[in-house]
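Input: a single structure, listed below in structure tokens.
Side-chain atoms are counted along with the backbone in the values below, which use heavy atoms only and exclude waters and symmetry mates. In what follows, chains carry the letters A, B, and so on, assigned in the order in which the sequence lines appear, proteins first and then strands, with residues in each chain numbered from 1.
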Amino acid sequence: MTDRRASPPANPPPPTNGELARIFHEIGEMLEVKGELVFKNMAYHRAADAIAHWPEEIGRAYQEGRRPRIPGVGSAIEKKIEELVATGHLAFYDRLRAEVPPSLVALLEIPGVGPRTVKLLHETIGIESLEDLRRAAEAGHLRSLRGMTEKTEASILAGIEALARRGQRLLLSEAEAIVGTLQAELAGTPGLRSILPAGSFRRRRETIGDLDLLAETDDPAAIVSRLTGLPSVESVIGAGVHKASVRLLRGPQVDLMIVPPGEAGTYRIHFTGSREHNVRLRGMARDRGWSLSEKGYLRLGPDGEPLGEPGAELRTFPTEEAAYGFLGLSLIPPELREDRGEIEAALAGRLPALVRLEELRGDCHTHSDWSDGVHTIEQMAEAARRRGYAYQVLTDHSFSLAIARGLTVERVAEQRALVDALNARFAGEEATGTAPEASPPEGFRLLHGCELEIRADAALDFPDEVLAAFDVVVASVHVARRQPREQLMARVFAALRSPHVDILAHPAGRMIQGRDDLDLDWEAVYAEAARTGTCLEVNGSPHRLDLADLRARRAVELGCRLAIDSDAHRTGELDDVRWGVAVARRGWVEAPSVVNTWSRAELLAWVAAKPGRLAAAG
DNA sequence: GCCGTTTTCGGCCCGACTGTTTTCAGTCG
């Protein structure tokens, strides 16, 4: 039972940015179904997106009497935010919901059903829900409506079925596996010059809906027919001379776009997106007298319409770099194309030098079979060495995480002896020139660390004198994840403030499409991490990706250092660090902010410099 | 509903595919 003894707070907590964004998106959808002016709907969706991505809590700012200038939020939506913050309600929203039931809005999710269809169904035969629609379609009641036939009924039923079995979005790593398979299956098609991924996969979003492929080819029909004929295709959604769409068996929809040879520049930009990024580019093109589409830049006449023949002028480009250059922009890395300031940065020539996988010199978070890993310490170290790393930090769990067979103080001491012995061997091999070729000049060392459990009562699993003996300490929360924010913050602060904790691992504690984030006051976490000189992790495990992109960006803005780690539990997972790099790049992170791009000596000096540390024993 | 060193009003990104309404609307990306 919920504890109801506490009296209600005088001020209700303000809505979070996520809640505000959800409300304005929903308003946009309800207005769509109502048949409102399309630009009005768009305005609500645009404002909702801007709110969702805003770095500070807007509700709190309003409570404090501040009105951050958010692009896309004008006076009307500002007033609505005010009302929501002050009263917890929005009369306009409540009225709309009474008029357009949420179950009706949900029909928009059905593939092939848009706002006009929903409006028609509602107004003519009173459809209010998915179940209503299914029954009406099955009973053949839709064919009497304008523009609908038996075929429409069948396609709506198929859409409902597709919706029901439409799985969750793919993890980035799952998407990569499918893209790789498709590229291999389509390679060698006659006329095909290249087949490259685009869309949110290329932008490295953490989850992927549909997959987009671009085929640069002299023979469009051949590649379309090859794709639609693949045995892994469940159904063909559409197939023309410019594009084709299929759904894979137990897999995502795949959209294939045909690119004329030598004109890939604007095609790659267009189909990589994001939509918001493209809208900005088109606006810029229009301001300069051109209409931008995937085909290229089309010269506009004085009336703002494309010039007809003769005089029509289409400019195409073989590369993205040239196509961006036409607008005076430098090449924008795909990970940044979200209209989060990248266009302004490109105009000013101030795009960040995003961190690259090759710049990582070590991994600060790895496990072995001493706790919950699969491979031995030696196997893990050898795998890291073959990657060309200068170091790997072995961070098996501490004892209170019993489910992961966390190590006791005694086991830690035994483990250290093994680490020392391995390092002696590595040093010997480097001295005699028998180390792996990939070894860096500084050689490879296995550093001894731990993944220190932050317990439910905010106590840390090892005392300071034990912690002081580790090279690097990574701390994290695994248990009692649903505590109130105050308690969770106390635990995180306990770790950040310990002079012996160097890195806070997977700070949000989420599992993508599994577990929600810990309820933390993020601005306070970043501020304290920056103040104490504790590093925050970008965990590359494909279902974690934690910190997420926007958080990594905000943390660095507030002066935090990051570590990009694999959290590998087997040798093959060392490569997961590349997903962490992808997230960091989406977060505008540059190498100097990432501690594991530094040399081993620099890393160890940084660890030693944290104020208040006990000297390491012996 | 938002926005503006061209604009405080009149714009707001562009094209392919599908089905069917024999000339285009709806949906999607």
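- Among the nucleotides dC12(B), dC17(B), dG26(B), the one closest to the side chain of T117(A) is dG26(B).
- Between dA16(B), dT20(B), dG1(B), one nucleotide has an atom nearer to the side chain of K40(A) than all others, and that is dG1(B).
- Among the nucleotides dG29(B), dC3(B), dG1(B), the one closest to any side-chain atom of R275(A) is dG29(B).
- Set against dC12(B), dG29(B), dC14(B), the side chain of S291(A) has dC14(B) as its closest nucleotide.
- Residues E263(A) and K295(A) are not paired through a salt bridge, judged by the lack of any N-O separation under 4.0 Å between the basic side chain and the carboxylate.
- Ring-plane geometry between Y297(A) and W290(A) is classed as perpendicular, the angle between the planes exceeding 60 degrees on a 0 to 90 degree scale with a lower cut at 30.
- Ranking dC14(B), dA16(B), dG1(B) by closeness to the H242(A) side chain, first place goes to dA16(B).
- Under 4.0 Å is where a charged nitrogen must lie from a carboxylate oxygen, and between R22(A) and E26(A) at least one such pair does.
- The nucleotide whose nearest atom lies closest to any side-chain atom of T149(A) is, among dC12(B), dT20(B), dC17(B), dT20(B).
- Side-chain contact of H277(A) with E342(A): a donor-acceptor pair under 3.5 Å is present, judged by distance alone.
- Looking at the side chain of T152(A), the nearest of the listed nucleotides dG1(B), dA16(B), dT20(B) is dT20(B).
- Of the candidates dG1(B), dG19(B), dC17(B), the closest approach to any side-chain atom of K151(A) belongs to dG19(B).
- In the set dC2(B), dT27(B), dG15(B), the nucleotide with an atom closest to the side chain of K295(A) is dG15(B).
- Distance noted for atom P between dC12(B) and dT18(B): 28 Å (whole Å).
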